[in-house]
Amino acid sequence: MLHKKKIYSLALCAFMMAGNCQTAWADIPIVSPVPIENSFPSSQGTTETVSKQDTKHSSLMGPSSVPVSTVSEPITGYLGGSKLTMLANQSHCQILSLLLETNSGNLMMIDGGTLEDAPYLTQKLLEKGGHVSTWLITHPHSDHVGALNEILTHPEWGITIDNIYYSFLPASWYEENEPQRADVMAQTTANFSKLPEQVLHGDIFKGQEIVTDNIKTTVMNLPYQFSGNSINNSSVAYMLDINGKRALILGDMGPEAAGQLLADYSPEALACDIVQMSHHGQYGADFNFYKSIRPEICLWSAPQWLWDNEGDGGFNTGIYRTVETRQWMASLGVPYHLSIKDGDQTIQ
């Protein structure tokens with residue numbers, strides 16, 4: 001998680017953007033982007049390569065290019081009658097909140113954002129009937145499960161959920177590795193304990209397929225257990241097949257977890273049309289990982305301050321690596337980029 005506090009010190013870098021609006025950084029293999037076969041709006045940015053980084057660190061850094069910009073209009077005619085909306089943050093904090101609508105109008109959610117995002121998320125869900133068929137969780141940080149926790153404490157808001165899919169490690173693991181955020185895990189567990197048993201699916205397994213109408217979700221991993229950047233690296237990745245288009249959801253995987261995911265699969269198995277940029281686009285998966293999976297659309301769950309890595313000196317003077325990641329994607333020629341800095345973003 002992340003804050004845009006004007007106290008950009010090297011000491012804060014060690015925090016790794018976790019679940020209380022804080023901080024983290026990136027690492028991972030490669031191919032050229034897939035050809036465009038659909039109708040897209042024009043990108044406002046350029047992907048002209050301007051220079052090369054020190055090749056000693058090229059696996060992590062990637063080539064240096066003019067950072068990508070976001071597209072100016074919604075992407076339509078792409079998902080064959082389904083719809084994916086990346087909801088914008090309603091507070092200063094970065095979030096991940098993805099709302100999917102199947103061809104028949106059933107709802108899926110991935111994560112959901114912070115406690116402060118709960119009223120807006122509730123409003124958007126109620127506008128579509130208020131009933132969620134499938135809710136997927138990547139990991140228990142407050143910028144991912146805070147809104148869900150708040151919704152579960154307010155049944156009077158009228159949101160109903162058929163199934164929640166997740167994989168959590170024992171509470172002792174969170175207390176040992178990130179004690180400052182173990183309370184989020186405890187709160188989530190407490191809220192889940194009040195739900196009917198048939199709603200909870202905490203026993204998901206690698207390779208499991210979850211079908212919600214025409215959307216098939218494959219569980220790509222169970223939580224990896226790294227001692228550094230621990231909860232982010234414990235993110236569960238999901239591959240969604242939406243009418244033949246593949247969307248890879250990485251949660252907040254850092255370089256360690258993303259590297260392990262790439263080691264567990266061939267690049268072909270991870271190749272996708274849409275990728276959710278890991279860890280809000282900074283210190284998540286590395287250049288080689290994105291080169292391997294060959295996306296044509298990137299989802300950046302990054303507010304403006306994070307998108308531009310704003311610090312006391314303005315553009316790219318903060319402690320985050322988002323601009324660097326944008327340069328990677330430019331050098332790879334990935335043409336379409338959506339960010340919550342521009343509000344809710346839709347692909348349909």
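The analysis underlying the following values was restricted to heavy atoms, covering all of them including side chains, and did not include hydrogens, waters or symmetry mates.
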Asks: Hydrophobic cluster membership, with links at side-chain heavy-atom distances under 4.5 Å among I/L/V/M/F/W/Y: are I164 and L169 in one?
Replies: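 Hydrophobic grouping puts I164 with L169.
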
Asks: Starting from the C-alpha separation in whole Å, work towards a yes-or-no answer on side-chain contact (heavy atoms from CB on, under 4.5 Å) for F205 and V219.
Replies: CA-CA 7 Å; F205 56 88; V219 178; over 6 Å; no

Asks: Are D344 and T85 linked by a side-chain donor-acceptor pair shorter than 3.5 Å?
Replies: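 Not at all, the side chains of D344 and T85 share no donor-acceptor pair under 3.5 Å.
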
Asks: Treating N243 as the side-chain partner and L79 as the backbone partner, does any N or O pair qualify as donor plus acceptor under 3.5 Å?
Replies: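 Yes, the answer is positive, given that a donor and an acceptor are paired below the 3.5 Å cut-off.
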
Asks: Locate the shortest heavy-atom distance separating R294 from A271; write the atom from each residue and the value.
Replies: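 Between these two residues, the closest heavy atoms are NH2-CB, 3.2 Å.
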
Asks: Which heavy atom in E178 sits nearest to a heavy atom in N229, and how many Å separate them?
Replies: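 E178 and N229 have their closest heavy atoms at OE2-C, 3.9 Å.
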
Asks: Check P140 against M185 and note the closest heavy-atom contact, atom names and distance.
Replies: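 Between these two residues, the closest heavy atoms are CG-SD, 3.9 Å.
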
Asks: Do we see a donor-acceptor contact under 3.5 Å between the side chains of H280 and D143?
Replies: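 The criterion, which ignores hydrogens and geometry beyond distance, is satisfied for D143 and H280.
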
Asks: To the nearest 0.5 Å, tell me how far N106 CG sits from I215 CD1.
Replies: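 Going from the CG atom of N106 to the CD1 atom of I215 covers 9.5 Å.
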
Asks: After noting the C-alpha distance and the side-chain angles of Y166 and F192, does the key distance pass the ring-ring contact (aromatic ring centres under 6.0 Å, His included) rule?
Replies: CA-CA 11 Å; Y166 59 98; F192 282 7; 4.9 Å; yes

Asks: One pair to check against side-chain contact (heavy atoms from CB on, under 4.5 Å): R326 and D308. What are the steps and the verdict?
Replies: CA-CA 10 Å; R326 289 167 57 192; D308 283 336; 3.1 Å; yes

Asks: Answer yes if the side chains of D111 and S97 hold a donor-acceptor pair under 3.5 Å, and no otherwise.
Replies: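 Looking only at side-chain atoms, S97 and D111 do not form any donor-acceptor pair under 3.5 Å.
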
Asks: Give a yes or no on whether the backbone of L306 and the side-chain of T322 come within a donor-acceptor separation of less than 3.5 Å.
Replies: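 Such a contact is found between T322 side chain and L306 backbone.
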
Asks: Among D117, L98, L121, L96, which one satisfies side-chain contact (heavy atoms from CB on, under 4.5 Å) with L87?
Replies: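 The single option meeting the side-chain contact (heavy atoms from CB on, under 4.5 Å) with L87 is L121.
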
Asks: Give a yes-or-no answer on whether the side chains of E127 and Q123 include a donor-acceptor pair shorter than 3.5 Å.
Replies: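 On atom types as modelled, these side chains qualify, holding a pair under 3.5 Å.
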
Asks: Measure from the side-chain N and O atoms of Q90 to the backbone N and O of A88, and report whether any donor-acceptor pair falls under 3.5 Å.
Replies: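 Yes, because the side chain of Q90 sits within donor-acceptor range (under 3.5 Å) of the backbone of A88.
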
Asks: Is it true that the side chains of Q94 and Y320 contain a donor and an acceptor less than 3.5 Å apart?
Replies: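 No, because no side-chain N or O of Q94 sits under 3.5 Å from a partner of the opposite role on Y320.
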
Asks: Using the test salt bridge (Lys or Arg N to Asp or Glu O under 4.0 Å), find all partners of K341 that sit at least two apart in sequence or belong to another chain.
Replies: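 For K341 there are no salt bridge (Lys or Arg N to Asp or Glu O under 4.0 Å) partners, ignoring immediate neighbours.
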
Asks: Between the side chain of N163 and the main-chain N/O of T134, is any donor-acceptor distance below 3.5 Å?
Replies: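 No; judged by distance alone, with no hydrogens or angles, the pair does not exist.
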
Asks: So, using side chain to side chain donor-acceptor pair (under 3.5 Å) as the criterion, who are the partners of S235 when residues are at least two apart?
Replies: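 S235 satisfies side chain to side chain donor-acceptor pair (under 3.5 Å) with H139 only.
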
Asks: Testing the basics here: between P303 and H92, what is the closest heavy-atom pair and its distance to 0.1 Å?
Replies: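 Closest heavy-atom pair between P303 and H92: CG-O, 4.1 Å.
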
Asks: What are the two closest heavy atoms between I95 and G113, and how far apart are they?
Replies: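 Shortest heavy-atom contact: CB-CA, 3.7 Å.
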
Asks: Among I137, L240, L99, exactly one meets side-chain contact (heavy atoms from CB on, under 4.5 Å) together with I110. Which residue is that?
Replies: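 Of I137, L240, L99, side-chain contact (heavy atoms from CB on, under 4.5 Å) with I110 is met by L240 alone.
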
Asks: Would you say the side chains of Q260 and D264 form a donor-acceptor pair under 3.5 Å?
Replies: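 Yes, side-chain donor-acceptor contact under 3.5 Å.
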
Asks: Between E116 and T114, does any side-chain donor sit less than 3.5 Å from a side-chain acceptor?
Replies: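 Side chains of E116 and T114: pair found under 3.5 Å.
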
Asks: Might you point out which heavy atoms bring N177 and F226 nearest each other, and give the distance in Å?
Replies: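 Heavy atoms only, the tightest pair is OD1-O, 4.2 Å.
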
Asks: Would you say the side-chain atoms of N232 pair up with the backbone N or O of M253, donor to acceptor, closer than 3.5 Å?
Replies: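 Not at all, since once roles are kept as given, no pair shorter than 3.5 Å links the two residues.
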
